[in-house]
Amino acid sequence: MADGATQPRKQTGARLDGDVLVIGAGTAGLPAAIFAARRGGRVIVADAADAPGGTLRRAAGHLSAGGTRLQQERGIDDSPEAHAADIARITGGTADPEMVALACELAPAIVAWLDGLGLDWDPACPAILHALETYAVPRTYWGRKRAVSIAEVLVPLFEAEVGAGRITFLPRTRLAALERQGRAVTGARLTGPEGEEIQVRAAQVVLTSGGYTASPEMFAEMTWGLPLYGGAEPTNTGAGLRAAMDIGAAIRPTAHFLPHVGGIEDPPGSRRVARADNPALMPARLPWEVYVDRTGARCLREDEPDRVTQQRAMTRVPEMTFWIVWDAAAARSAQSPLLPSWDGPRLEAAWNVHPSFSRADNLEALAEQAGIDAQGLRESIAAYNAALAEGRPDPLGREHRPLPLAEPPFFAVRNHGTTATASGGLKVDRDCRVLDTEGAPIPGLWAAGEILGRELLSGNAFVGGMSITPALAFGRRLGETGLVW
Ligand SMILES: Cc1cc2nc3c(=O)[nH]c(=O)nc-3n(C[C@H](O)[C@H](O)[C@H](O)COP(=O)(O)OP(=O)(O)OC[C@H]3O[C@@H](n4cnc5c(N)ncnc54)[C@H](O)[C@@H]3O)c2cc1C
C-alpha cells in the first residue's frame, strides 16, 4: 500500500486523565458511572457502540427482587432472604451463595430506584414468570417496553452527567488493553472511532463490557467448543474479559452451560437469531412435528415437559442444530402456528430462498434440500409412524402424537440451540474486585454485570431477572460506595 490511504489510520491519539474509567455504558456501566459522577469523581466512559444502553436495547427486561413496594401493595409476603433461598432451591445450590445473598439484598433498592424514576411497569407484575424456572412467589417485574423501559429512565440520567461535564463519554471507542504499573491497573489503552489510540490514566478501571455472546470464537473457547447462535448485543465480544485475562485475572469457567432450544438463523450465515422469530415449542405449544439432527435421527423428545431436561439434551445434539419436520396434515391441523412471526408472504418467500427452510414432495428430496441424511430421516419418520399406528409407546417417550407424518408436501426448518448470556466470567470478590489466579484482588480493577458470567448467580439454571438486576445493583454499588479516589 503506497500511502496507506485505504488502511484505518492509526493516529497518535488523545491522553485523558480521570478518577474512574468505565468500560461499557450498558446495564452495569450506566449506574456505576452515574453514581461515581454524582460523588464527584472524574468519570470517563468508553463504549464500543455509538450510544449508551448496551443489552438494555434488546433484553426482555425481567428484574427480580423480594420485599418491594409493588409486592406489598398486592399482599405478597417476600424478602431478600426468601429470594436467595428460592434461588438455592432452583439451582440446587450451584450458584455462589454469598454473591446471591448480596444480589438479593441489593435488589429491592434497584426496583425502588427505577420505580422512583417513573419506570412504566407492566401492570401484570410482580408475577411468576413461567418462561423460566419458576420462583415460589411473584417477584418478577418488567416494563411495558421490556428492557427499553429501563434504558428510558437510566440513559437520561447518564446524559445529564455527560451534559454537566462530570462524565466524559467516548462512544465507538473500544478497550484495547489494560495498562499497569507493577500489579496495579493504572488505566487503559483504547481504540477510538477512527482507529486512533487513546490513553486513559485512571486509578480505577471498571469492566462492565458485558459477555462474549457476540463472538463465536470466544464463546467456543469458553463453552466446550460449542457453536454460537444468538441475538446478543453485537459489540459484546468479550474484549473486556480478554483484556483482564491478559493481565492474569482468574476465570470461573463454564460448568453448567444451558442453551435455549430453538431459533432460526436469519439472515442466513449470520449466526444471528432473533427471539421474536423463534418457533413456538414446549411449553408454549404442543408439538405436531418431529425434531431430527443431521443424521436424520430424532434428537429431542418434542413434548418434553421439563425445560431444563430439554436444554441439557440440546447440548448433546451435534452442532446444537436440529430440524423441525412436519407434513401437510400437521400444517393443516395444528391448532396454533409453529412459526408465529413467519406470516403468509414471509413464510412463502422463506420456502423459496431461505436455506433454513425446506419444502419437498417426498422425504428424500426434503432431506437433500435440508442437508439431512435421507435414510436416517426416512427411518425416523417410519418408526414414529409405526409406533403410533400400532399403539406402541414412542421410542423417545413422547406422548402428544396427534397424527402420523405421511402426507406430502413435507417441511423442514433448521433450528439451533441459542445463547443469550455468557456462562463463565471473571472471578471477583464480594466488592467486585477482580481476582488474579492466586485469588488476590488486582489493585485498580473492578467488574460487574455479565462479564462475571451468568452462572455466578444462576448456577445450573436460568433464574428470572438474575442478570439484569445484579448488573444494575453491583454497578450502582460500585459507583456509590465501592470506588475510592
Ligand atoms: C435477548 C436477551 C434477553 C435477555 N433478557 C433478560 C431478562 O429478561 N432478565 C435478565 O435478568 N437478563 C436478561 N438478559 C441478560 C441481561 O440482559 C444481560 O446479562 C445484562 O443486561 C448485561 O449487562 P452488562 O452491563 O454486563 O452488559 P451490557 O448491558 O451488554 O453492556 C455492555 C456494554 O459494553 C460495551 N462493550 C463491549 N465490549 C467493549 C469494549 N471492548 N470496549 C468498550 N465497550 C465495550 C457494549 O457495547 C455494551 O454497551 C437477556 C439477554 C438477552 C441477549
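In listed order, ligands and their atoms are each counted from 1. The figures here come from the full heavy-atom set of this structure, side chains too, leaving out hydrogens, waters and symmetry mates.
In terms of protein heavy atoms, atom 20 (C) of ligand 1 is closest to T27 OG1, 3.8 Å. When only non-hydrogen protein atoms are considered, atom 11 (O) of ligand 1 lies nearest to I468 N, 2.7 Å. For atom 8 (O) of ligand 1, the nearest non-hydrogen atom of the protein is H62 N, 2.9 Å. Counting only heavy atoms of the protein, atom 26 (O) of ligand 1 lies nearest to E450 N, 2.7 Å. At the top of the distance list for atom 53 (C) of ligand 1, counting protein heavy atoms only, stands A420 O, 3.6 Å. A60 N, 3.1 Å is the protein heavy atom nearest to atom 5 (N) of ligand 1. Closest to atom 25 (O) of ligand 1 among all protein heavy atoms lies A28 N, 2.8 Å. Nearest non-hydrogen protein atom to atom 40 (C) of ligand 1 is L175 N, 3.7 Å.
The CE atom of M222 lies 9.0 Å from the CZ atom of R242; values are rounded to the nearest 0.5 Å. To the nearest 0.5 Å, atom CG of residue L300 and atom CE of residue M282 are 12.5 Å apart. Between the CG atom of D47 and the CD1 atom of I23 there is a distance of 9.0 Å, given to the nearest 0.5 Å.
Classification of D19 and R42 as a salt-bridged pair holds, one side-chain N sitting under 4.0 Å from a carboxylate O. A salt bridge is absent between D96 and K427; no separation between the charged side-chain nitrogens and carboxylate oxygens falls under 4.0 Å. R272 has no carboxylate O lying under 4.0 Å from a charged side-chain N of E265, or vice versa, which leaves the two without a salt bridge. Of the charged side-chain nitrogens involved, none lies within less than 4.0 Å of a carboxylate oxygen, so that R346 and D343 do not count as a salt-bridged pair. Under a 4.0 Å N-O distance rule, the pair E233/R57 qualifies as a salt bridge.
Checking D47, L190, T55 against atom 17 (O) of ligand 1, the nearest heavy atom belongs to T55. Which of A471, A243, A176, A59 comes nearest to atom 3 (C) of ligand 1 through a heavy atom is settled by distance: it is A59.
Exactly one residue among L70, T469, T68, D78 makes a side chain to side chain contact (heavy atoms under 4.5 Å, CB included) with P108. That residue is T68.
Taking a cut-off of under 4.0 Å to the non-hydrogen atoms of A49, the atoms of ligand 1 that pass are 47 (O). Atoms of ligand 1 lying under 4.0 Å from any heavy atom of R174, numbered from 1 in the order shown and given with element: 42 (N), 43 (C). Atoms of ligand 1 lying under 4.0 Å from any heavy atom of R58, numbered from 1 in the order shown and given with element: 1 (C). Listed by number with element, the atoms of ligand 1 under 4.0 angstrom from any heavy atom of M466 are 11 (O). Using a 4.0 Å cut-off to heavy atoms of T173, the atoms of ligand 1 that qualify are 42 (N), 43 (C). The A239 neighbourhood of ligand 1 comprises atoms 41 (N), with distances under 4.0 Å to a heavy atom of that residue. Heavy-atom proximity to R275, at under 4.0 Å, picks out these atoms of ligand 1: 1 (C), 3 (C). Every atom of ligand 1 with a heavy atom of G449 under 4.0 Å away is listed here by number and element: 26 (O).
Taking the six-membered ring for Trp, F462 and H260 have ring centres closer than 6.0 Å. Remark: aromatic rings of F35 and W113 are close, center separation under 6.0 Å.
The distance criterion of under 3.5 Å between nitrogen or oxygen atoms is not met by I451 with respect to ligand 1. Considering both main-chain and side-chain atoms, N236 comes within under 3.5 Å of ligand 1 through a nitrogen or oxygen pair.
Heavy-atom distances between T237 and ligand 1 stay at or above 4.0 Å for every pair.
Between F257 and F219, the angle of the ring planes goes over 60°, which puts this pair in the perpendicular group of the 30/60° scheme.
Not counting sequence neighbours, the partners of R144 by the salt bridge (charged side-chain N to carboxylate O under 4.0 Å, His left out) test are D120.
Looking at T421 against ligand 1, only its side chain comes within 4.0 Å, counting heavy atoms.
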